[in-house]
Amino acid sequence: MADEKKIILTGDRPTGALHLGHYVGSLKKRKEMLDSGKYTAFIMIADIQALTDNAEDPEKIRENILEVALDYLGAGLSPERCSFFVQSHIPALYELPMYFANLVTMARLERNPTVKAEIAARNFEKSLPVGFMTYPISQAADITAFKAHYVPVGADQLPMLEQTREIVHSFNRIYKTDVLVEPEAVLPDDETSYRLVGTDGNAKMSKSLGNCIYLKDDPDTIREKVMNMFTDPNHLRVSDPGETDGNPVFLYLDAFGGPELFSAHCTAYASLGELKAHYRRGGLGDVFVKKLLNEIMQDVLRPIRERRLQYEADKEGVLGLLKAGTESAREQSDRTLAEVREAIGLNYFTDKGFSNAYITRGGAGGDTPNSTK
Ligand code: ATP
Ligand code: MG
């Protein structure tokens, strides 16, 4: 075989610029996998999925297409090692969900905990768009159209991967085929990054919740956001004992302040563990910890921002990258689509077996479309 590399598929909704949650939850792992040279990767800007809860505001999606592409490039995803593409220009991603929708029950969709949480967050209980309810099916199409083996995602996506695997099982069993590949989620290395909390202490940093530090934020904005972060509300005086578990400032230090960065910016403590112990005992102020986090954050985000700015100077070129990536994604997914149609038996015009069964052998009064093969 010409190309034995395993395939990665992953993507993001163009509903805003990308933030630290995307970075630790998925982008970091994508970059690591791409840089290893072991994978073929398709990275999707999920504009159709973004329409499922923004149908009345397509301008929001248009203005974020290049933003997300710039964030990818800023985060170091190399365009030589992957195809960046836009979901809306891939016909297979409209057709496959029609087939998959027949293999999923409404009850199963309604049980999906991510969908439940997202419906509640959007106050969709009374006016739920059908497209939003069925987006897990569309996500199964995104993944399987590329025969992806690996999907680097945050933990909120695990129920989606489970749903996709179920669809793959059903499809391959019913149509007696092995066309579809069962994908695996690739989670971040540390649990804090599975679902990074927001700067307000909310369970998830999310564009929709407005509690984000963006990859493109300038140094002053980063400092301001870090200094205003939520901490332990009972840690009122410096001398008070403080809680580090679940405290966003410490969670961010866990996610970003690896031992090297920590010691580069903090000489007063031998390790993050020691710093935490002091905070828990009392006698360590929030301002000290936040200043340290700000310095570390600035180090993490500086190279991303600078790389992003370079690409921002050539947006025409970035659009060209998206166009080329979209063409290659279309070719790849069209091949899968042809195999899927064949597996179901929808290939009437090209299938010798069809002519043999229903034309040559059947003749007038012979096989009807309902006769068994
Ligand atoms: P929206 O609010 O529009 O849904 P979002 O901020 O949740 O946006 P998505 O585009 O839905 O972002 O998510 C893209 C990817 O980033 C997914 O793999 C998701 O798991 C990951 N991700 C998003 N937010 C976080 C987070 N706070 N922690 C870890 N991973 C995250
Ligand atoms: Mg989301």
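Atoms within each ligand, like the ligands themselves, are counted from 1 in listed order.
Residues I143 and L93 share a hydrophobic cluster, clusters being chains of Ile/Leu/Val/Met/Phe/Trp/Tyr side chains in contact below 4.5 Å.
Under 4.0 angstrom from ligand 1, the non-hydrogen atoms of D156 all belong to its side chain. Contacts with ligand 1 closer than 4.0 Å are made by no heavy atom of K60, backbone or side chain. With a heavy-atom cut-off of 4.0 Å, E118 does not touch ligand 1 at all.
In this structure, a donor-acceptor pair under 3.5 Å is present between the side chains of T231 and D286. Side-chain N/O atoms of K5 and T40 include no donor and acceptor closer than 3.5 Å. Under the 3.5 Å distance criterion, with hydrogens and angles disregarded, no donor-acceptor pair is assigned to the side chains of T244 and N247. A donor-acceptor pair shorter than 3.5 Å can be found between the side chains of S88 and D47.
Atoms of ligand 1 lying under 4.0 Å from at least one heavy atom of G25, given by number and element, are 29 (C), 30 (N). For ligand 1, the atoms sitting less than 4.0 Å from at least one non-hydrogen atom of S193 are 29 (C), numbered in the order shown with element in parentheses. Each of the following atoms of ligand 1 lies closer than 4.0 Å to a heavy atom of R195: 28 (N), 29 (C). Each of the following atoms of ligand 1 lies closer than 4.0 Å to a heavy atom of R122: 4 (O). The distance from ligand 1 to the heavy atoms of Y194 drops below 4.0 Å at these ligand atoms: 29 (C). The ligand atoms of ligand 1 that sit less than 4.0 angstrom from a heavy atom of T15 are 3 (O). Applying the 4.0 Å criterion to heavy atoms of K204 picks out, from ligand 1, the atoms 7 (O), 23 (C), 24 (N), 25 (C), 27 (N).
Atom CG in L284 sits 12.0 Å away from atom CG in D240 (nearest 0.5 Å).
For Y279 and H235, the ring centers sit closer than 6.0 Å to each other.
Counting only non-hydrogen atoms, the option in G21, A255, S26 that gets closest to atom 29 (C) of ligand 1 is G21.
The two atoms that bring G198 and P248 nearest to each other are O-CB, 4.2 Å, heavy atoms only.
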